[in-house]
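Computed from a predicted model, the values in this text were never measured in an experiment. The basis for the numbers below is simple: all heavy atoms, side chains too, and nothing from hydrogens, waters or symmetry mates.
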Amino acid sequence: MNSQILKIFYGLVALFFISINAQVQRNRTTTLMGCRFDFTIIAEDSLTAEKHIDSVINEILRIENLISDWKPDSQISKVNQNAGICPVKVDPDVWQLTRRAMYISKITDGAFDISFAAIDKIWKFDGSMVQIPSSEQIKESIKNIGYKNIILDSLNSTIFLKNPGMKIGFGSIGKGYAADKAKELMLNKNVKAGIINASGDISAWGKQINGKEWKIGIVNPFNPADIMGAFTIHDKSVTTSGSYEKYAEIKGEKYSHIINPQTGYPVRGIESVTVIGPNAEMANGFSTSLMVLGEKKGFKLIDRFPEYSCLIITTDGNIRKSKNFNVELEIYEKQLSSKSKF
């Protein structure tokens with residue numbers, strides 16, 4: 001009899017520990033900041049997980065209302081509207097984000113430029129272009145780009161664009177920033193694991209519900225419907241920039257939607273750049289910059305930041321890794337293009 005009671009007792013204890021350690025995974029997809037966001041949160045029950053996703057979405061909406069340059073009443077729109085007129089006071093978050101964007105602009109020698117938003121969009125990537133713009137048009141299109149003409153006042157938390165016609169925007173790092181802030185919010189709420197995917201700008205922490213690390217796929221830039229390989233990450237961020245996302249094809253030549261802010265011409269020679277590091281915002285800035293800088297200068301830049309690494313896929317189909325790229329890459333596609341070399 002005592003033996004039977006003990007079995008029941010230990011059984012109840014086991015059920016108790018299973019219940020307190022039980023976890024569920026909830027997923028949700030929605031559109032924010034003009035693009036697709038995928039949320040995966042692991043929590044103790046479904047209701048809690050859904051509430052966490054709600055709070056993350058509210059946080060990203062808050063960010064969007066501050067920094068979206070397509071919303072006329074956002075703080076960044078007000079900064080742009082007052083270019084050449086007067087400084088504009090902004091929230092500390094916006095000021096700090098702008099400061100960090102200017103830092104990326106500086107370390108990349110303008111390959112990334114926060115004032116790129118001022119470009120006159122003479123390149124069309126909707127299939128309507130039949131000839132490339134003239135050199136005069138291209139030169140004119142970039143005349144208002146120049147991060148050095150942005151004045152930040154830390155005491156008054158203001159941003160001033162010196163020249164009329166200047167604009168700043170966070171199209172290149174805004175999604176990464178939002179993913180980072182979402183992760184930060186979840187960690188502050190003691191959410192042990194999750195992954196935020198902002199249209200390819202990914203911030204992950206903890207592990208999957210099955211105990212395995214998060215697996216990240218790399219798109220084959222020559223056939224974007226396919227995944228050419230994958231790797232796993234733990235408490236890392238991953239961002240990818242690619243020519244395959246949007247481009248114009250004119251007389252058999254492909255022109256990427258990623259424009260060099262200093263020359264006004266589309267980047268050449270690289271199809272995609274994937275960056276891994278602790279921060280999605282910074283990784284986002286790197287992936288865009290490396291597309292512009294090219295392989296040699298890009299590796300030289302990212303090697304200065306040992307916490308970050310990158311994988312470059314060239315137009316010839318070659319895969320190049322920076323010296324700090326230490327994740328195990330599983331290749332699915334053995335040949336990315338007819339010119340591929342490994």
So if you build clusters from Ile, Leu, Val, Met, Phe, Trp, Tyr with side-chain heavy-atom gaps below 4.5 Å, do I119 and I104 land together? no

Transitively linked via ILVMFWY side-chain contacts under 4.5 Å: I270 with V238? no

[X]-[Y] side chain donor-acceptor pair, cut-off 3.5 Å:
| X | Y | value |
| --- | --- | --- |
| S128 | D126 | yes |
| T48 | D45 | yes |
| D38 | N27 | no |
| N220 | N223 | no |
| N156 | T158 | no |
| D201 | T239 | no |
| E271 | S243 | no |

Going by an N to O cut-off under 4.0 Å, is there a salt bridge joining E281 and K181?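 Salt bridge absent between E281 and K181.
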
Tell me whether the centres of the aromatic rings in F286 and F305 are closer together than 6.0 Å.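 Yes - the distance between ring centres of F286 and F305 falls below the 6.0 Å cut-off.
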
Closest contact, heavy atoms only, I76 versus I67: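 Shortest heavy-atom separation between I76 and I67 comes out as CG1-CA, 3.7 Å.
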
Atom of P266, atom of S256 and distance for their closest heavy-atom approach: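 In terms of heavy atoms, the two residues are closest at CB-O, 3.1 Å.
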
Which pairs with one or both residues in residues 54-69 pass side-chain hydrogen bond (donor to acceptor under 3.5 Å, both in side chains), sequence neighbours excluded? R28-D54, E59-R62, R62-D93, N65-K71

Sequence neighbours left out, what pairs pass ring pair (Phe, Tyr, Trp, His ring centres under 6.0 Å) with at least one residue falling in residues 115-154? W123-Y255

Are any of the side-chain heavy atoms of L187 and E184 separated by less than 4.5 Å?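 Answer no - side chains too far apart.
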
